[in-house]
Structures are given as C-alpha cells and as structure tokens.
2 protein chains.
Amino acid sequence: MHSSAEENYLKAIYKLQEANGEMVATSALAQVLGIHMASVTDMLKKMSNKKLVAYQKSKGFKLTEKGRLAAISIIRKHRLWEVFLVDKLRFRWDEVHEIAEQLEHIHSQELIDKLDAYLDFPKADPHGDPIPDAKGIFAINKSVLLASLAPGSQGKFTGVTDHSSAFLNYLDKIGLSLGDSVKVKEVEEFDKNYTLLLKGKKSVVVSFKVANSLLISE
Amino acid sequence: MHSSAEENYLKAIYKLQEANGEMVATSALAQVLGIHMASVTDMLKKMSNKKLVAYQKSKGFKLTEKGRLAAISIIRKHRLWEVFLVDKLRFRWDEVHEIAEQLEHIHSQELIDKLDAYLDFPKADPHGDPIPDAKGIFAINKSVLLASLAPGSQGKFTGVTDHSSAFLNYLDKIGLSLGDSVKVKEVEEFDKNYTLLLKGKKSVVVSFKVANSLLISE
DNA sequence: AATAAAAATTAGGCAAGCCTAATATTACTG
DNA sequence: CAGTAATATTAGGCTTGCCTAATTTTTATT
Ligand SMILES: [Mn+2]
Ligand SMILES: [Mn+2]
Ligand SMILES: [Mn+2]
Ligand SMILES: [Mn+2]
C-alpha cells in the first residue's frame, strides 16, 4: 500500500495534470504541496522507482497508468467521505475538506465499497465535484463557467471551482445552493458584474470573480 | 496533536494497566505492540518528556493523568467507529477491528462529537466493550464471566473478553449474539464443559475456554 | 552567443520510529 | 550469596520525508 505522503503527491500531480495539461513541473508540485523543491525531487525519484510517475530529470513528469488509477482512487475516497460528512453527519460544505484529507488515507476496499453503497452511490460530492465509480470512471460532466454565459442564459448550479470557506460561505449568504437554477439577467459591460435571477425570483449582483467560480449545467 | 504511533502506545499502556495493575513493564508493552524492547524504551523516553507517561528507568512506567485521558479518547474513537461500521455500514462484528485501528487516529473533535450523536450516543461497541462519554467517563459495568456462574444462574450476554475472529465466528455459529439471555443448565465437573440454554430454548455445550470468554450481566 | 534569471538537482542533515548487537540491571536459584 | 537467567537500556544504523545550501541545467534577455 502507498503511504499518505505518496497518496498526497499522487492526488496533487493528478490535479495539476488535469488543470495544466500533461507534463508537471517540480516547482508547481512543490507549490501546491507546500513543500520545498528539493524534497519533491527526492520523492519523485522514489515514486519513479515504484512506477507511479514517469520522471524525466529536469524536464518534468507525469503519472503512469498505475499512478493515475491510484490517484483516482484517493479522489474517490475523499469525495465519498465528504458526502458522508455532509449528508449523514450534517457538517456544512465548507467544513469537510480537512477531515476528508485525513479519511481519504484509510486503507480498506471493503470500507469504501460499503460507504459508497450506504451513501447510495452518489455521483458528486458536496461541492459538485464528480465521484469516479469503483472502476475509476468519471461520469462525463458538461458544465461550464457561469462567466461564459450570455445574458438570458439559464441553467442549474452544479459545482464550484473555488473551494475556499470564504467563497462557500458567501454562496450560503446570498442563498445559492447546489442544484438551484440560475438565470443570467444582465452582464454589466463596464465592471463585468453579473446580475443573476435565483430561484424564488430573487435577484442578486455578483462580481466576475464569483461568476467565474460557478459551474452551470444543462 | 499526538502521532499515530504515540496513540497506539497510549492505548496499549492503558489496556495493560487495566489488566495487570498499575505499573507496566517494557517487555509487556513490546509484546503487545509487536515491537522490540529497545524501540519501546526509546519511545517511552520521548513520551516521558511529553509528560504522557511517568517513566522510571528499569523499573516500569504508567500513564500520567494527561496520558490516561489521551488513551481514553483514542479508545472512545475506536469503539464509536466500530459501532458505525457494524450498525451503519453492515460489517460483521469480527471484521471491524482493523479498520477501526486506522479510523481511531483521525484528528477532529467535531467529527467524533457528530459521529457520537449520529450513532445515538451508544454505550457499548459491537463487542460489548463500554464507550467512554465525551468527558472520558465509562458507565460502570458489573458484568461477570459466564465461567464464574453456578448452574441455574441466568443473565444477559453483554460482552466478550476474546475478540478474535475465530471466537466471534464460533459464537455466530452457535447462534449466540450480544444481548441474548443465557442460562447455565449444567457444568460438567470432569471437563468443565458448560451446557447453556440459549434463547428459543436451544441448548448448547461449550468448553470452559468459551465460558471464560463470555461476559454476563444482570 | 553571452549573460542573467529561474528551475531543478545534488549533497548533507535532521526527527520519528523502528532494528540489531552489546551492555547493564534486576530477579531468581541453588 | 554467587551465578545465571531474564529484563532493560545504550549504542549505532536504517528508512521515510522533510529541510537548507550549493551546484547544475534550462530558459529568457540582451
Ligand atoms: Mn475536498
Ligand atoms: Mn469536495
Ligand atoms: Mn476493536
Ligand atoms: Mn471492540
């Protein structure tokens, strides 16, 4: 089995590859992990020996298929635990990430299978992030950023790209929850503020920064 | 916060103190942890510096009050998670220990509070072991070994002293579950076999070894 | 192409937790 | 009480995962 440190590297590399294309740089990984570059180089050599990453000295690296599957498995565990924390234990959606960071490292296939069943095989976590199935397959998700929509467009709020407590609490404050339908009423050309029509006809004005962190589907 | 290794030491020391009186020997701890004595001595010096144990070189050691409270907190987590695994996720009672060994090291007071509430504040784990409350207080438990009962005695099966899968599966096989009432019909003097009357009038003969691993209350 | 800046690696160290082998202490036994 | 056996500690090492400082490699700029 992999150590928690290795699992955190795998997850971080996976997410960097998702966001910025195939090859990952030592500096980028060091930055997201909050670890010095020398340490990252160290660890990558070890993970390369274990065939978890394909490492090209001074050039960058990427996950092997083995590493990719391992990473997806950690992400699956993280998101399932987040669902458990919110749906069953009644945590708020901005409180669960740190705890899930620990729970994702519990090693037991049986446990995660039973947890998945207990939660009724959820397809997304409390932040709208997709949960890969037991085989590591993500349901295809065709959501777009609200900031990319023209006035008059309408859709369902299905995810966030900013997972910070500050942002999540802001959404709570304006009364926007996952699954709500949202309509773009107006986009102010000058400052790119978005006027949205929420459910119950409530109208709210949000900044581009906010519009650019909301995922809309349908 | 304490490391998982420290927490395992604390729990093991606590249990040894419970079982064999105040002072614990290096060899005993090494044995239950499956670790060499030299390593135990090492760790104890560190834990002594942290005021978790009172350590007297070559004489033995015991938990400080700080250490005792920390140990009880781990035991509380372990047993609550075991309840979760059996009651919610439908694990069998012989499958949960190893997973709980991992889950008990998750650090979050909020989590354990909410889990406790979610499970409806259970007083005992799936093996009948008492769960200390949030303040570290155990409900007083006046159970006795079935092997100490005279023929004709009756009571409720409320715990085991042998937690092995082999034993737990044996109990499943003879149809004895926690909470069942049990009557001692006869004790064979020659081999100390116990003839028990289980619920539904089923009669079963068990060895002294078994009778001596069953806790009876009331 | 030369030079400077940025990125990456190497070298040397450290703390946590473990190990083996050697030594010291304590307990038991004749 | 001496002698041995059992317990315990010390000394020296190892792996993991991190660090700082020094050096090398790559990239960008003139
Ligand atoms: Mn998260
Ligand atoms: Mn999430
Ligand atoms: Mn247990
Ligand atoms: Mn138990």
Side-chain angles (χ1 to χ4, degrees), chain A residues 1-13 16-17 19-63 67 70-71 74 101-102 104-107, chain B residues 1-13 16-17 19-63 67 70-71 74 101-102 104-107:
Chain A
M1 219 24 35
H2 307 124
S3 68
S4 293
E6 283 172 332
E7 292 184 344
N8 287 334
Y9 273 80
L10 289 169
K11 199 169 46 136
I13 298 169
L16 284 169
Q17 282 190 208
N20 317 317
E22 279 291 272
M23 229 51 182
V24 179
T26 306
S27 50
L29 185 49
Q31 212 235 306
V32 305
L33 289 175
I35 276 172
H36 283 242
M37 278 179 51
S39 309
V40 170
T41 301
D42 239 46
M43 185 61 130
L44 284 171
K45 281 192 279 192
K46 293 170 193 162
M47 291 175 70
S48 179
N49 290 336
K50 294 189 182 178
K51 308 288 181 214
L52 291 170
V53 297
Y55 176 54
Q56 289 181 279
K57 200 153 116 177
S58 293
K59 290 260 190 105
F61 46 88
K62 58 181 175 181
L63 295 175
I74 312 298
E101 282 295 315
Q102 297 180 61
E104 72 189 3
H105 302 298
I106 302 289
H107 293 301
Chain B
M1 218 25 33
H2 307 124
S3 69
S4 292
E6 283 171 332
E7 292 184 344
N8 287 334
Y9 273 80
L10 288 168
K11 199 169 45 136
I13 298 169
L16 284 169
Q17 282 190 208
N20 317 318
E22 279 290 272
M23 229 52 180
V24 179
T26 307
S27 50
L29 186 49
Q31 212 236 305
V32 304
L33 288 175
I35 276 172
H36 282 242
M37 279 179 50
S39 309
V40 170
T41 300
D42 239 45
M43 186 60 131
L44 283 172
K45 281 193 278 192
K46 292 170 193 162
M47 291 175 70
S48 179
N49 290 336
K50 294 189 182 178
K51 308 288 182 214
L52 291 170
V53 297
Y55 176 52
Q56 288 183 279
K57 200 154 115 177
S58 292
K59 289 259 190 106
F61 46 88
K62 58 182 174 180
L63 294 176
I74 313 297
E101 283 295 313
Q102 297 181 61
E104 71 189 5
H105 301 298
I106 303 290
H107 293 301

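Order of the sequence lines fixes the chain letters, A, B, ..., with proteins taken first and strands second; residue numbering starts at 1 for each chain.
Take A/Q56 and apply the side chain to side chain contact (heavy atoms under 4.5 Å, CB included) test, not counting sequence neighbours, and it matches A/M23, A/K59. With sequence neighbours excluded, the residues forming a side chain to side chain contact (heavy atoms under 4.5 Å, CB included) with B/S39 are B/I35, B/H36, listed by chain and number. Judged as a salt bridge (Lys or Arg N to Asp or Glu O under 4.0 Å), and not counting sequence neighbours, the contacts of A/K11 are A/E101, A/E104. Take A/A38 and apply the side chain to side chain contact (heavy atoms under 4.5 Å, CB included) test, not counting sequence neighbours, and it matches no residue.
Ion pair B/K46/B/E6 not flagged as a salt bridge, since none of the NZ, NE, NH1 or NH2 atoms sits closer than 4.0 Å to an Asp/Glu carboxylate oxygen.
Rounded to 10 degrees, the angle between the two end axes of the helix from C/dA1-D/dT30 to C/dG30-D/dC1 is 10°, with five pairs used at each end.
Taking OG of B/S4 as the reference point, atom NE2 of B/H2 lies at 12.0 Å (rounded to 0.5 Å).
In summary, the side chains of B/E7 and B/H105 do present a donor paired with an acceptor at a separation below 3.5 Å, with no hydrogens or angles considered.
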| note | Readout for nucleotides 5-19 of chain C: B = base within 4.0 Å of protein heavy atom, S = sugar-phosphate only, - = neither; 5' to 3' it is --SBBB------BBB

